[in-house]
Amino acid sequence: MKVNIRMCLGCAAFAGALWVAPFSGAQQKQTPAAPRNMSYDVSRETSIQGTVISFTAAASSPMAGPHASIQTASGPLDVHLGNARFLESSHFSLSPGDSVRIVGETVVNGNSSQFLARIIQKGGQSLTVRSVRGFPVRPVVTNSASRAGGVL
């Protein structure tokens, strides 16, 4: 009787080992993903200068909204400009050939990166289009159509 119990326990242990064996290879050490800066951080801001190549008020690319292609010393750069309605209510426009200075940050979004503008300067005009936390400024809706302002 003891031999039968030992034999059954041995077979059960062997069967369990065979059943678990295919799963042991699945627990391989995973390589950690590269760190991504998906949130806006003022300490990582940079300033770029260049000439506007093109301006689109409502792009549907990775980040919807106004985009400008800026020719910089290091090559063309796609810049997200915040909220299109805010640009319009602030009477701010960009045209090809305009010389601009933009303060912002490059933020990784999936497999691509995007330069997010926070402050845009064109000539003597300067406009803050994004809060220090990276949120686009929205236009203020007032009773008087003559006023234009922004909300962070």
Side-chain angles (χ1 to χ4, degrees), residues 13-152:
F14 182 70
L18 287 177
W19 185 76
V20 173
F23 299 109
S24 65
Q27 296 181 5
Q28 298 173 356
K29 186 175 182 181
Q30 302 259 337
T31 57
R36 301 184 306 176
N37 60 329
M38 292 183 66
S39 62
Y40 196 92
D41 186 355
V42 177
S43 68
R44 293 188 303 246
E45 279 186 342
T46 58
S47 174
I48 62 165
Q49 282 189 283
T51 305
V52 176
I53 299 170
S54 65
F55 171 74
T56 305
S60 60
S61 58
M63 293 187 78
H67 284 254
S69 183
I70 308 295
Q71 181 63 48
T72 67
S74 59
L77 181 65
D78 181 38
V79 179
H80 185 265
L81 301 173
N83 185 308
R85 291 185 313 179
F86 179 68
L87 292 177
E88 184 180 318
S89 70
S90 301
H91 307 291
F92 191 89
S93 64
L94 294 175
S95 301
D98 287 346
S99 181
V100 293
R101 179 179 178 269
I102 301 174
V103 176
E105 180 194 356
T106 301
V107 175
V108 175
N109 185 11
N111 292 335
S112 64
S113 61
Q114 181 73 53
F115 191 84
L116 304 179
R118 189 170 69 84
I119 301 170
I120 308 168
Q121 295 175 336
K122 179 181 91 169
Q125 191 178 12
S126 179
L127 184 66
T128 299
V129 296
R130 198 172 300 278
S131 72
V132 293
R133 290 184 166 179
F135 296 108
V137 175
R138 297 177 292 140
V140 173
V141 179
T142 62
N143 292 339
S144 172
S146 64
R147 289 191 200 170
V151 174
L152 297 179

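Values below: all heavy atoms of this structure, side chains included; hydrogens, waters and symmetry mates excluded.
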**OP:** Keeping to residues at least two apart or across chains, list the salt bridge (Lys or Arg N to Asp or Glu O under 4.0 Å) pairs with something in residues 45-58.
**Re:** Glu45-Arg118
Subject >> OG on Ser69 to CG on Leu77, rounded to 0.5 Å >> reply: 8.0 Å
**OP:** Would you please name every residue forming a side-chain hydrogen bond (donor to acceptor under 3.5 Å, both in side chains) with Ser74, sequence neighbours left out?
**Re:** Thr72
Original post:
Short question: side chain of Gln125, backbone of Phe92 - any donor-acceptor pair under 3.5 Å?
Top reply: no
Original post:
Where do Pro76 and Ile53 come nearest, in terms of heavy atoms and distance?
Top reply: CB-CD1, 4.1 Å
**OP:** Looking only at non-hydrogen atoms, find the nearest pair between Ala68 and Leu94 and report the distance.
**Re:** CB-CD1, 4.1 Å
**OP:** Could you tell me which non-hydrogen atom of Phe115 sits nearest to which non-hydrogen atom of Thr106, and how far apart they are?
**Re:** CD1-OG1, 3.3 Å
Subject >> Neighbour count >12 (heavy atoms, 6.0 Å) for atom CD, Gln71 >> reply: yes
Subject >> Pairing residues for Ser126 by the side-chain hydrogen bond (donor to acceptor under 3.5 Å, both in side chains) criterion, not counting sequence neighbours >> reply: none
Subject >> Test item: Ile70 and Val52 side chains (from C-beta on) under 4.5 Å apart, heavy atoms >> reply: yes
Subject >> Close side-chain approach of Leu87 and Leu127, heavy atoms under 4.5 Å >> reply: yes
Which pairs would a plain distance check flag for residues 79-86, meaning a side-chain donor or acceptor within less than 3.5 Å of a matching protein atom at least two apart in sequence or in another chain?
unit_1	atom_1	unit_2	atom_2	d
His80	ND1	Gly82	N	3.3
His80	ND1	Arg130	NH2	2.8
His80	NE2	Ala64	O	3.0
Asn83	OD1	Arg85	N	2.8
Asn83	OD1	Phe86	N	3.2

**OP:** Compare all side-chain heavy atoms of Gln114 with those of His67 and state whether any distance is below 4.5 angstrom.
**Re:** yes
**OP:** Only pairs at least two apart or in different chains count here, so list each salt bridge (Lys or Arg N to Asp or Glu O under 4.0 Å) that has a residue in residues 89-101.
**Re:** Asp98-Lys122
Original post:
Rounded to the nearest 0.5 Å, how far apart are OG of Ser131 and OH of Tyr40?
Top reply: 8.5 Å
